[in-house]
Amino acid sequence: MTPAVETLQNLKLPFVLHQFDNQVEHDYARHAADYLGIAHERVFKTLICQGADKALLVAIVPATHNLNMKLLARSADQKKVEMAEQKVAQARTGYLKGAISPIGQKLQLPTYLDRRATAHPQIFVSGGRRGLEIEITPTALVAATNATIAALTPD
């Protein structure tokens, strides 16, 4: 199992695993939604960003929306944020591109969950491997990541 799954098991948080054949090289979250037959807005992508102070941050946003960097910067009390380099994101989280889970990272980074997650009883995030999704309540995800719920996408 992946560190994400092990973390949830250790914390005794409820979740459901979904596995599927992943043959894509981009747009992983949308592919997961299509394959699992669920609404795209319930699948959330995990993005690793970097603040002006070079500290890394995690943003979790719906597959249907783009992260607004200004909103993340405001939520994280940073002057500016940008996407982290892929190799940095992989090294710091322990996960590969397309499989970065917000849960069970090597070093738990400050995490921000888009407020849109609270509109759903359960959402889906990467399980730490391509083709592995975790179905989880927003409350359990917050508990597993110590996430702050914030407005990260434009209205």
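What you see is a predicted model; the values in this text were computed from it and never measured.
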Starting from [Y], can I reach [X] by hopping between I/L/V/M/F/W/Y residues whose side chains sit under 4.5 Å apart?
X	Y	value
Tyr112	Phe44	no
Leu113	Leu11	yes
Leu132	Leu13	yes
Leu141	Phe124	no
Ile60	Val5	yes

Requested in this report: Starting from the C-alpha separation in whole Å, work towards a yes-or-no answer on side chain to side chain contact (heavy atoms under 4.5 Å, CB included) for Asp155 and Arg116.
Outcome: CA-CA 10 Å; Asp155 287 328; Arg116 293 176 192 278; 4.3 Å; yes
I need the [X] [atom1] to [Y] [atom2] distance, nearest 0.5 Å.
X	Y	atom1	atom2	value
Arg130	Tyr95	CZ	OH	14.5 Å
Thr137	Gln122	OG1	CD	7.0 Å
Lys79	Asp77	NZ	CG	11.5 Å
Thr93	Leu107	OG1	CG	10.5 Å
Leu96	Gln86	CG	CD	8.5 Å

For the student: nearest non-hydrogen atoms of [X] and [Y], plus distance:
X	Y	value
Ala117	Pro138	O-CG, 3.2 Å
Pro62	Lys45	O-CE, 3.6 Å
Ile136	Pro14	CG1-O, 3.8 Å
Cys49	Leu72	SG-CD2, 3.7 Å
Gly104	Pro3	O-CB, 3.3 Å
Gly127	Thr2	O-OG1, 2.6 Å

Are the side chains of [Y] and [X] in contact, using a 4.5 Å heavy-atom criterion?
X	Y	value
Thr153	Asn66	no
Ser75	Leu152	yes
Ile100	Ile48	yes
His65	Glu41	no
Ile103	Leu8	yes
His18	Tyr35	no
Thr145	Gln108	yes
Glu135	Arg42	yes

Report task. Could you list the residues that satisfy side-chain hydrogen bond (donor to acceptor under 3.5 Å, both in side chains) with Gln78, not counting sequence neighbours? Result -> Asp53
Report task. Taking side-chain hydrogen bond (donor to acceptor under 3.5 Å, both in side chains) as the test, write out the residues that go with Arg92, two or more places apart. Result -> none
Query raised in the report: With a cut-off of 6.0 Å (strictly less than), are more than 12 heavy atoms of other residues, nucleotides or ligands near CD of Gln9?
Result: yes
Report summary line: Which of Val58, Leu57, Thr148, Thr46 passes side-chain contact (heavy atoms from CB on, under 4.5 Å) with Thr111? It is Val58
Query - Derivation of the side chain to side chain contact (heavy atoms under 4.5 Å, CB included) call for Met83 and Leu47 - result: CA-CA 8 Å; Met83 292 299 296; Leu47 305 172; 4.0 Å; yes
Query - Pairing residues for Phe15 by the ring pair (Phe, Tyr, Trp, His ring centres under 6.0 Å) criterion, not counting sequence neighbours - result: none
